[in-house]
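Right, one structure below, let's go through it.
Proteins come first, then strands; the chains are lettered A, B, ... in the order of their sequence lines, and each starts at number 1.
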Number of protein chains: 2
Amino acid sequence: MKGKTTIYDIAKKLGITAATVSRALNDNSRISKATKKLVLETAKEMNYEPNKLALALKKGKSNNVGVIVPYINRNFFSSVIRGIEEELYPKGYNVIISQSHESEEREKEIVNNLMNAQVEGILMSLSKSTNKTAHFNQVLSKNIPLIFFDRSLNIAGVSSVTIDDFQGSYKATQHLIGQGCKRVAHMTVGKELGIYRQRFDGYKQALEDNDLPFDDNLVVELKSDIEEGKQAAQKLMNLQDPPDAIFSSTDHGALGAIKWLQGNGYSIPDDVCVVGFSNEPFTQFMELSISSIDQSPLEMGKMSAKVFLEQIKDKKVKIEKKVVLSPKLIIRDSSSKHIVPNKKAN
Amino acid sequence: MKGKTTIYDIAKKLGITAATVSRALNDNSRISKATKKLVLETAKEMNYEPNKLALALKKGKSNNVGVIVPYINRNFFSSVIRGIEEELYPKGYNVIISQSHESEEREKEIVNNLMNAQVEGILMSLSKSTNKTAHFNQVLSKNIPLIFFDRSLNIAGVSSVTIDDFQGSYKATQHLIGQGCKRVAHMTVGKELGIYRQRFDGYKQALEDNDLPFDDNLVVELKSDIEEGKQAAQKLMNLQDPPDAIFSSTDHGALGAIKWLQGNGYSIPDDVCVVGFSNEPFTQFMELSISSIDQSPLEMGKMSAKVFLEQIKDKKVKIEKKVVLSPKLIIRDSSSKHIVPNKKAN
DNA sequence: TTGTACGCGTTATCAG
DNA sequence: CTGATAACGCGTACAA
């Protein structure tokens with residue numbers, strides 16, 4: 001019972017040849033109705049299932065795509081992956097996932113490994129520490145579609161699906177200003193990643209467009225970390241001229257800030273308005289729900305998958321598609337001053 | 001530039017045969033130091049990478065394992081997957097993930113598909129609606145390790161890694177009683193899944209062991225849903241003899257309950273103590289943090305992977321391992337009455 | 001130590 | 001319409 005039944009088995013049983021069986025199974029035109037029916041029946045009867053490995057070796061197509069994210073158990077990434085899987089599963093593709101742990105070395109290794117596994121495409125979010133791009137040459141030169149999502153880098157031949165971080169940031173800042181805030185602080189993350197740079201730029205631009213001065217003291221850098229968010233808030237509020245709003249590039253930073261503010265007698269949003277980024281699930285659950293920027297990870301995943309499918313369709317044509325999704329500002333308690341009474345009920 | 005360099009290419013270049021190249025690459029003993037070195041050098045020079053598909057077909061080993069979960073973007077499942085990936089990656093396995101969407105039909109399809117893809121093992125959490133187990137026969141009969149995690153079913157030949165849901169539930173209830181609560185309500189989920197049945201049993205047993213009466217009115221069934229949690233809380237508190245504690249089988253149910261209670265003048269934990277289940281990230285972030293049962297998903301994933309590795313090691317021996325992890329009760333604000341003043345500072 | 005020949009399961013290209 | 005044969009890339013008895 002070990003070995004699966006092969007087309008050869010069923011050929012032998014029927015006294016015909018494996019080639020004929022193959023044809024019957026593949027709706028080949030050059031086959032008689034009768035034998036086709038016969039083959040199909042006995043195939044079912046013998047529980048025949050095609051060996052995808054053999055097929056893969058033969059065709060040079062594995063029906064696998066590789067997905068690389070820093071960590072899979074981060075809500076944003078797992079949601080993107082969900083989108084990818086749901087789009088690709090109906091098309092017969094299997095999704096192989098790996099985690100780079102934000103390490104360029106590991107990312108390199110994984111890309112290598114995926115290429116050996118003959119994946120038909122790689123969909124990934126760059127690791128924070130990735131500087132060099134040499135490890136992508138092998139995949140591009142082999143004409144394997146490479147798609148970056150969220151964290152992208154401008155490389156010839158690679159497509160990308162991102163959100164407009166600048167715009168999201170701009171919207172958030174604009175919203176805070178619209179709430180009457182005059183001194184908007186910004187919590188950012190190390191600028192290794194372009195996305196944080198763009199969020200910073202969006203923030204700055206919104207200030208400028210509203211004739212508000214940019215103050216270096218109001219910008220503080222931290223990791224996406226609650227503890228650091230607390231410290232940052234403390235630092236900001238202890239300034240001579242403290243902010244009346246905080247826009248954080250991460251929800252965790254925003255959360256930390258809120259916790260510190262609440263613990264130190266500040267009223268939110270009346271004293272300080274806060275907006276985060278990412279729309280992590282917890283932001284809506286809080287008693288004081290947190291305003292945030294939604295990145296629509298599911299759509300990002302689906303879109304990435306679609307771009308892949310498009311690209312795989314005709315590989316002769318070199319497509320390089322840059323999709324930029326629009327972020328949505330979700331206004332919640334943490335930034336809703338009761339200026340317009342009927343604007344919010346909760 | 002399309003085709004990869006094969007051992008045949010490098011053999012031709014060196015004027016030797018592919019077999020020799022293969023031997024050199026595989027540390028075979030029967031080869032001279034000189035040619036071995038030569039081969040290795042030119043292999044590197046030509047950017048040779050083994051084609052895993054060919055290798056897989058040859059050996060009947062794909063180096064892939066399949067992982068099936070209901071939805072990948074649920075914190076618990078994505079954390080388990082993280083554990084699995086981190087344990088298996090160093091061993092050279094790739095992780096293929098699929099989502100059952102809680103549908104037996106889809107689960108069946110996926111199992112089939114994974115078998116065709118020649119995976120070397122399947123690690124999965126059953127879908128809620130799975131009743132029949134016929135689709136597992138093919139994997140067991142082919143001697144492919146099948147490991148259930150979290151949601152399990154007793155099938156001969158399949159290993160499982162679960163937590164002791166009974167114990168977790170017992171601990172939670174015991175804790176509530178220890179806080180002085182006399183009427184502990186329980187929110188459960190449809191008993192299609194054994195885990196919720198066991199949680200119910202643990203709850204009941206704890207009551208019994210503390211000489212507290214079991215009251216059917218205090219048990220309400222809902223999905224893991226905030227809205228339903230609210231309704232359930234309302235229903236419970238409107239009883240003639242309302243509860244002074246709620247133990248919910250899910251964190252989302254607990255959250256809903258808390259939101260309703262807070263919105264209706266109840267004080268937590270003074271009027272009502274609440275404990276959830278799963279230790280979702282948001283439970284610790286709330287201003288009023290929520291007590292919960294931690295299921296250590298990461299360890300569950302790692303353990304599942306280890307069981308798989310053990311099983312694959314010698315396939316002659318039929319191993320059937322049942323690992324039961326101990327859940328941890330995490331006591332937070334929502335159930336910490338200020339009985340012992342110095343017990344909690346926050 | 002190396003070469004020869006075959007097989008893994010499938011499809012494709014020839015003939016017939 | 002069907003059968004024989006080669007090929008996908010690799011590993012490995014067997015022979016030399």
Using atom [atom1] of [X] as one end and atom [atom2] of [N] as the other, report the distance to the nearest whole Å.
X	N	atom1	atom2	result
B:Asn26	C:dT2	CG	P	15 Å
B:Asn28	C:dG3	CG	C1'	14 Å
B:Lys58	D:dG11	NZ	C1'	5 Å
B:Arg23	D:dC14	CZ	P	14 Å
B:Lys12	C:dG3	NZ	C1'	17 Å
B:Ile10	D:dG9	CD1	P	15 Å
A:Ile16	C:dT10	CD1	P	14 Å
B:Lys59	D:dG11	NZ	P	7 Å

Using a cut-off of 6.0 Å, state whether more than 12 heavy atoms not belonging to B:Lys12 lie near its atom NZ. no

Pairwise distance [atom1]([X]) to [atom2]([Y]) - rounded to 0.5 angstrom:
X	Y	atom1	atom2	value
A:Met300	A:Ile84	CE	CD1	10.0 Å
B:Met115	A:Lys52	CE	NZ	12.5 Å
B:Ile319	B:Phe308	CD1	CZ	11.5 Å
B:Glu320	B:Asn154	CD	CG	7.0 Å

Please tell me which of the listed nucleotides, [options], lies nearest to the side chain of [X]?
X	options	answer
A:Ala19	D:dC10, D:dA4, C:dT4	D:dA4
A:Ser32	C:dC8, C:dT10, D:dT2	D:dT2
B:Thr17	C:dT10, C:dT4, C:dG9	C:dT4
A:Ser22	D:dC10, C:dT11, D:dT12	C:dT11
B:Leu55	D:dC10, D:dG3, C:dC14	D:dC10

Mind checking if A:Ile31 touches a base, just sugar-phosphate, or nothing, with heavy atoms under 4.0 Å?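 Contact class for A:Ile31: sugar-phosphate only.
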
Would you check, one step at a time, whether the test ring-ring contact (aromatic ring centres under 6.0 Å, His included) holds for A:Phe136 with A:Phe148? CA-CA 11 Å; A:Phe136 298 128; A:Phe148 291 154; 5.4 Å; yes

Thinking salt bridges, do A:Glu45 and A:Lys13 make one under a 4.0 Å N-O criterion?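 The answer is yes: the pair qualifies as a salt bridge.
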
In residues 88-97 of chain A, what donor-acceptor pairs under 3.5 Å come from side-chain atoms, sequence neighbours left out?
unit_1  : atom_1 : unit_2   : atom_2 : d
A:Tyr89 : OH     : B:Glu109 : OE2    : 2.9

Both A:Leu57 and B:Gly15 contact DNA chain C. Which one's nearest nucleotide lies toward the 5' end? B:Gly15

Considering only heavy atoms, which members of residues 33-44 of chain A lie under 4.0 Å from some atom of DNA chain C?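 Those residues whose heavy atoms fall under 4.0 Å from DNA chain C, taken from residues 33-44 of chain A, amount to none.
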
Mind running a 4.0 Å heavy-atom check of residues 110-122 of chain B against DNA chain C and sending the residues that fall below it, in number order?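 The stretch gives none, as no residue of it lies under 4.0 Å from the strand.
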
So, B:Ser129 side chain and B:Glu104 main chain: donor-acceptor pair closer than 3.5 Å or not?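 Yes: the side chain of B:Ser129 pairs with the backbone of B:Glu104.
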
Side-chain N,O (B:Tyr48) to OP1/OP2 (D:dC10) below 4.0 Å: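 Affirmative; the distance criterion is met.
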
Under the criterion side-chain hydrogen bond (donor to acceptor under 3.5 Å, both in side chains), which of B:Glu105, B:Glu107, B:Lys108 is the partner of B:His135? B:Glu107

